[in-house]
Amino acid sequence: MAKVRDRTEDFKDSVRRAALNLGYDESKTATIMASFILHKTRERSPFTKASMKTLESIGALEKFLMKHKKDYLDLRRTTEQERDSIEHEVTVFINSCREQIDVLKNSINHEQSSSKGWLGIRSDNLNADTIAHKHGVVLILSEKLHSVTSQFDQLRAIRFQDAINRVTPRRKLKSGIKNVTESSNSNNFQSRGNSEVREDNEVQAEPIRVQQQVLDDETRALQVELASMLDAVQETESKMVEMSALNHLMSTHVLQQAQQIEFLYEQAVEATKNVQLGNKELSQAIQRNSSSRTFLLLFLFKYKNCRRFGNGSIDIGTALTSPYLCLIH
Amino acid sequence: MALNLRQKQTECIIRMLNLNQTVINPVGGGGGTANEEVYKILIYDRFCQDILSPLIHVKDLRKHGVTLYFLVDKDRKPVHDVPAVYFVQPTQLNIQRIVLDTSRALYDSFHLNFSSSIPRPLLEDLASGSVNSDSIQRISKVHDQYLEFVTLEDNLFSLANKNCYVQLNDPSAGDKEIEEIIEKIVSGLFCVLATLAVVPIIRCPPGGPSEMVASLLDQRLRDHLLAKNNLFTESGNFTSSFQRPILCIFDRNFELSVAIQHEFRYKPLVHDVLGLRLNRLNVKGEKGGMKSFELDHSDPFWMANGLLEFPEVAVEIETQLNKYKKDVEEVNRRTGGNAGAEFDGTDLIGNTKHLMSAVNSLPELTERKQVIDKHTNIATALLGEIKERSLDSYAKMESEMMIRGGIDRNELLSVLRGKGDKMDKLRFAVMYLISTESLSPSEVETVEVALRESEVDTSAFQYVKKIKSLNISLASANSASRSNIVDWAEKLYGQSISAVTAGVKNLLSSDHQLALTRTVDALMEGKPNPESDSYLVFDPRAPKSTPGSSSSHLKGPFKEAIVFMIGGGNYVEHGSLQDLARSQQPVKHVIYGTTEILTGGEFVEQLDVLGKKMGLGSSDIAPAIK
């Protein structure tokens, strides 16, 4: 990359020469030169300190995310619970950062509103530029947080994608097995029906065998019930996964639209405000117009009266009013 | 290693925004904790605003911690706790303003960056001013950035020196004024070379402003290289295979026709007709409101199709639109189509997957649509202007004139009496003067009469006539391309885009090369060539004692070139040089720069001014009795 020329040394020389020209003595020149080396550490305002802290925490959040990214994404390294716990931690962290940013924003608004109480005179600290700067700081912080959270969202999207991919083949497998069990169950029922008919013929001879049959039937019935419940549960699970994926989809992408809608709304509000101001101006102009017209009429009337009662000498007033009088007549 | 000027300039600016410390990588390193001064305010003047606007957007500024940005002239209020980064030109006015700001303690600390080297006297003014007001402790650093040029694309820059051509060719200009202008040009070129960190071999045609600029630049570089910590110490990695580029300096009078001619390619058309400035364009939208577009390296359509002829661009837009529609249909089909089938639980998962992939591809699709919309708007606006002024016929006839070396008298007069606004006719008439080899005075008379009938101010015409009569070489004739003749297309009046697409073929011969391109090609090749042999050579690195005899590496084939045009250039030359660079084997790189980027109309206005200064031709002369 191209180098840049540091002219600070040249500047220091010029400063020394200027100080000598102005007749500063040695000690004063020395203090001036010393100020180059020792920078007075200015006391930072609480706002700046708070914003620095928030920046630090967002940086820490990003580092945390980077560290656990590999663990989170790789299916073999972590279990579902660990992934959930990472998500939970990150969410808590994000919330705290957001709160800090909100606190900063509220402090700006609070300062703005409280200062207006003092006869509308703003102190040096609260001029328009400083307020704009503070808003800028808050904006930078929120943009940074937004970028970190979008990274996190991407990780979560990958996780959902994996989950859905995992569930889909299982469902296909599951539905295949379900068909097989159904057909085997129907076979069982049929065979059971047949054996029941046979048994009816020999019912008296084997009461123990009948009991065994009944137990077997019960077991099989329980099995079928369990299998169907398992199916139902798995279907619900996959539906839940889908719902959370859709939810995630809606929240990230629809949120973007919401921001745009909010922006449009604010613009509309501003436009109405401008229109109101415009209306006010117009009405004022109309008032002025009408008042000036009445004034002009009075003026003319007065001159006309003077002329009537005067001795008919031509003065400037008549010369002025004559064209108007022509118009009026 | 390709020279990418825009990237280098952007890097320098970002470094400046980070208070000239080495940029800390936020992911690996401290992420803002190590650097105490994260939030800053940026202050610039008008010239530096032009430098910054094609390179950085406002949201990128925020990425580097800039919360507010102001013009230095504006009335500003104090903001505590923040450092201020100033990026201004070193002028007396700016220095006074800075001294005022420091005395009023507007900001905590001041980091001053000047776009070119601040001269000693101004530095002393600054020093004495701040000592007087006892505000030395606020000024932290003073830097020379060497960034006093505007980069529009990766390989296109301009020095934004207004009216350079007028000042250089002004008959009443004294030595001192000419020296001042040459000094400004050289300082701008020096900044470009410092940003690229190369010391090229300089070649220029003998005589004229180009020689003055070349020798002064050579001197400046030599002096600078003698200093120990100069800006050009090469980084050790590339010294072995590092080949120096060649810097070719030309004067506008070398080839006047290119600056005046009507062109029919997309980029020059947009610049000429719609007024592209600093990569920004204002176009009347369909609903009547003004829309502002940005056309730069982030627009893939613009980059890919900027040098195509206008009808081809229209075809390209349609192709892209059809592709987009197809993609959108496919996305719709995959996600929405299943609603028709019976609502089956098993299909839901597949639906969600498709939905997710569709939503992911949505941003890309919307972006593509925006680009297509933008260019459709631009093309529609262009088409309106072209139809109204029949610019296509102007372009065609002018290129015919250049190739043939003359034009039929009736054709000439019919064009002058036909469509087109005054500037178009004037440009056509001047092109006629330049291209016709042997001018008959009677024909020139009729042309002047025709111009006056259309109420066109003929000062520019008179000026060019005078120049030609003084036998100053205006345009190296297109001797090399005489053999290639274009297919004549029919005249187009009031037809839609599709008709234009269908009807026009090869409006301009693709082999018609500019003299500039031919010369640069010859210089880069390094083979003996009658045109370029007479050119002077300057090598700032060579010791002064070795006279003219050139060492082999001075004339060998060059892989990279920087071409500079004094007096004004345009997108046509830039495009032609890019074509040259791309067509070579292996691909070469050419950077094109000029003192200012002018449309044909603006250049003819400068000729106008010169004509009036010489007291030639005015529009008050009564037209001849018909």
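Chain letters run A, B, ... following the sequence lines, proteins first and then strands; every chain starts at 1. Values in this document were obtained by computation on a predicted structure and should not be read as measured data.
Here the shortest heavy-atom pairing between Ser128(B) and Ala18(A) reads CA-CB, 3.7 Å. Counting all heavy atoms, side chain and backbone alike, Val15(A) lies closest to Ile136(B) at CG2-CD1, 3.6 Å. Taking both residues in full, the closest heavy atoms of Ser117(B) and Arg7(A) are given as OG-NH1, 3.1 Å, listed atom of the first, atom of the second, then distance.
At a 4.5 Å heavy-atom cutoff, the contact between Ser130(B) and chain A is made by side-chain atoms alone. Neither the backbone nor the side chain of Phe114(B) has a heavy atom closer than 4.5 Å to any heavy atom of chain A. Only the side chain of Leu141(A) comes within less than 4.5 Å of a heavy atom of chain B; its backbone N, CA, C and O stay farther away. Neither the backbone nor the side chain of Arg16(A) comes within contact range of chain B, judged by heavy atoms closer than 4.5 Å. Proximity to chain A (any heavy atom under 4.5 Å) is shown, for Leu126(B), by both the backbone and the side chain. Residue Ile118(B) touches chain A through both its backbone and its side chain, counting heavy-atom pairs closer than 4.5 Å. Heavy-atom distances place both the backbone and the side chain of Ser51(A) under 4.5 Å from chain B. Only the side chain of Leu68(B) has a heavy atom closer than 4.5 Å to any heavy atom of chain A.
Residue-environment remark: CD (Gln89(B)) exceeds the threshold of 12 foreign heavy atoms within 6.0 Å. Remark: Glu367(B) CD is loosely packed, at most 12 non-hydrogen atoms of other residues, nucleotides or ligands lying under 6.0 Å away. Within a 6.0 Å sphere centred on CZ of Phe64(A), other residues, nucleotides and ligands contribute more than 12 heavy atoms.
Between Asp6(A) and Lys141(B), some side-chain heavy-atom pair lies under the 4.5 Å cut-off. Contact check for His133(A) versus Asp81(B): no side-chain heavy atoms found under the 4.5 Å cut-off. The shortest side-chain heavy-atom distance between Glu124(B) and Arg17(A) falls under the 4.5 Å cut-off.
Of the listed residues (Val137(A), Leu55(A), Ile140(A)), just one forms a side chain to side chain contact (heavy atoms under 4.5 Å, CB included) with Val38(B), and that residue is Leu55(A).
Atom CD in Glu143(A) sits 4.0 Å away from atom CZ in Arg62(B) (nearest 0.5 Å). Atom-to-atom distance recorded for Phe11(A):CZ and Leu123(B):CG is 6.5 Å, nearest 0.5 angstrom.
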Mind running side-chain contact (heavy atoms from CB on, under 4.5 Å) on Arg120(B) and Asp10(A) for me, showing each step along the way? CA-CA 9 Å; Arg120(B) 257 294 140 135; Asp10(A) 290 343; 3.3 Å; yes
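A donor-acceptor pair under 3.5 Å links the side-chain atoms of Asp129(A) to the main chain of Lys77(B), judged by distance alone.
Between chain A and the options Pro363(B), Ala127(B), Gly129(B), heavy-atom pairs under 4.5 Å are most frequent for Ala127(B). Each of Ala19(A), Ser147(A), Ser14(A) has some count of heavy-atom pairs under 4.5 Å with chain B, and the biggest count is that of Ser14(A). Between chain A and the options Asn113(B), Asn132(B), Val66(B), Val131(B), heavy-atom pairs under 4.5 Å are most frequent for Val131(B).
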